[in-house]
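This report concerns only the one structure given below.
Quick caveat, the model's predicted, so the values are computed rather than measured. Whatever order the structure lists ligands and atoms in, that order sets their numbers, starting from 1.
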Amino acid sequence: MDYRLTDEQSLIAETVREFAETRVRPFVREWDEAQSFPAELFAEMGELGLMGVMIPEEYGGVGLGPLELSTVMEELGRVDPSVALAVAAHNGLCVGHIAVGANEEQKQRYFPKLATGEWVGCWGLTEPQAGSDAAGTQTRAEWNEERNGWILNGAKTFNTNGARAHVAVVLAVTTPGLGTKGISAFIVEAGTPGYRVGRKEDKLGMRASDTVELILEDCFVPAENLLGERDLGFVDALKVLDRGRISIGALSVGIAQGALEAALEYAQERHQFGRPIASFEAIRAKLARMAAGTRTARDMVYRAARLRADDKPFKLEASMGKLFASEVGMFVAEEAVQIFGGYGYVKDYPVEKFFRDAKLCTIGEGTSEVQRLVISRQLLAS
Ligand SMILES: Cc1cc2nc3c(=O)[nH]c(=O)nc-3n(C[C@H](O)[C@H](O)[C@H](O)COP(=O)(O)OP(=O)(O)OC[C@H]3O[C@@H](n4cnc5c(N)ncnc54)[C@H](O)[C@@H]3O)c2cc1C
């Protein structure tokens, strides 16, 4: 299978790399410390097409595919994984769920503004009692005949982009007692009475990407904002997650690449015992393992993206790619810190941030343990 970049994909990679180097890299530390990046960055990324990578051109997007989205994720992740996470949640989760479930009117209403970055999207599946196990979802949506809509009550935790999202896709129980077979998805617009942003998490890494609680209190959502079929919201969410895992895998590859590049440069500059530390066998072996892991992770993630682009089954490869790449991201970032020695432990160099950021990729969109469950179920067909 050939999943190397075409000329067009290479051009996208170059464009995003330049954007990341000039518009993001100079501010990485500042944004990490501020736990935020300027909202205007979304609009700038929208102008470049990064907010609507897979939204069809007829709705204002750039109409590209999963390989190109992976390239975007990798290039942003190589410089600032937080910005990449925000773009992943917007494109992969919010836009991704709308793409899976929306009718024509919903696409026309939401895609054009989401594609330009005028509107930012978030996605709420996780709840305090429902993390890996969505069957524990407690947010309720009750039909109100008189008002011709749904009344939502509950809370969603860990919503990436939630603090400034204009559009949230949230999952809520519509038929109690059926577990994941009684959950539906709804599009909720910011400003809807009863919808509000709660606590913002103070995180280990990915700090510039906001992660908040979303609270729904007697929040009325009109009938036309049901996304997809009633009670099939979680079935659609699984499709969204399968696709999203390719993005998180690609983001992890970007983290590994960024940490590897920093370590390569530092190992050649830093002298101890009268020579560059890169001349020591122990450091060379680390660099070799880091490079081989990064390359293999990239191959696995792009393989999943290629399968998806070709409309072939990709669930197994997406989970394998996400599992492997996220753990490689962690490994490479940790080894990079080690190569930097004490300087790896302080904020003057980028590797401590890669180390903190990488951890999220082994947790979000299905933990490593959940990926192993998905993979083994695919292998054993049960
Ligand atoms: C920064 C950040 C951003 C996020 N963004 C979003 C978002 O935008 N939208 C959203 O909906 N969610 C988001 N999440 C939530 C994320 O997807 C969940 O944290 C994740 O799915 C795990 O759920 P949990 O935290 O409740 O852990 P739990 O499910 O409680 O898991 C705890 C531990 O138990 C393990 N475990 C659980 N079940 C099993 C099992 N069956 N077998 C073996 N081990 C198991 C897990 O692997 C983990 O190690 C985000 C989380 C973070 C930290």
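The closest non-hydrogen atom to atom 17 (O) of ligand 1, taken over Glu365, Met206, Glu127, comes from Glu365. Across Ser132, Ala89, Ala168, heavy-atom proximity to atom 28 (P) of ligand 1 is greatest for Ser132. Scanning Asp357, Leu360, Leu171, Ile363 for the heavy atom closest to atom 53 (C) of ligand 1 points to Leu360. With atom 44 (N) of ligand 1 as the reference point, the heavy atom nearest to it among Lys203, Glu369, Lys156, His90 is part of Glu369.
Only the side chain of Thr367 comes within 4.0 Å of ligand 1, judged by heavy-atom distances. Residue Thr211 touches ligand 1 through its side chain alone, judged by heavy-atom distances below 4.0 Å. Here Leu373 has side-chain heavy atoms under 4.0 Å from ligand 1, and that is the only part of it that gets that close. Contacts between Glu201 and ligand 1, counted as non-hydrogen atom pairs separated by less than 4.0 Å, are absent for every part of the residue.
There is no protein heavy atom closer than 4.0 angstrom to atom 33 (C) of ligand 1. Closer than 4.0 Å to atom 26 (O) of ligand 1 lies at least one heavy atom of the protein. In this structure, atom 23 (O) of ligand 1 has protein heavy atoms in its sub-4.0 angstrom surroundings. In this structure, atom 39 (C) of ligand 1 has no protein heavy-atom contact shorter than 4.0 Å.
Of the charged side-chain nitrogens involved, at least one lies within less than 4.0 Å of a carboxylate oxygen, so that Glu352 and Arg356 count as a salt-bridged pair. Under the 4.0 Å criterion applied to side-chain N and carboxylate O atoms, Arg199 and Glu201 are assigned as salt-bridge partners.
Distances shorter than 4.0 angstrom do not occur between any heavy atom of Val370 and any atom of ligand 1.
Heavy atoms from other residues, nucleotides or ligands lying under 6.0 Å from OH of Tyr345 number 12 at most. Within a 6.0 Å radius of CD in Gln35, other residues, nucleotides and ligands contribute more than 12 heavy atoms.
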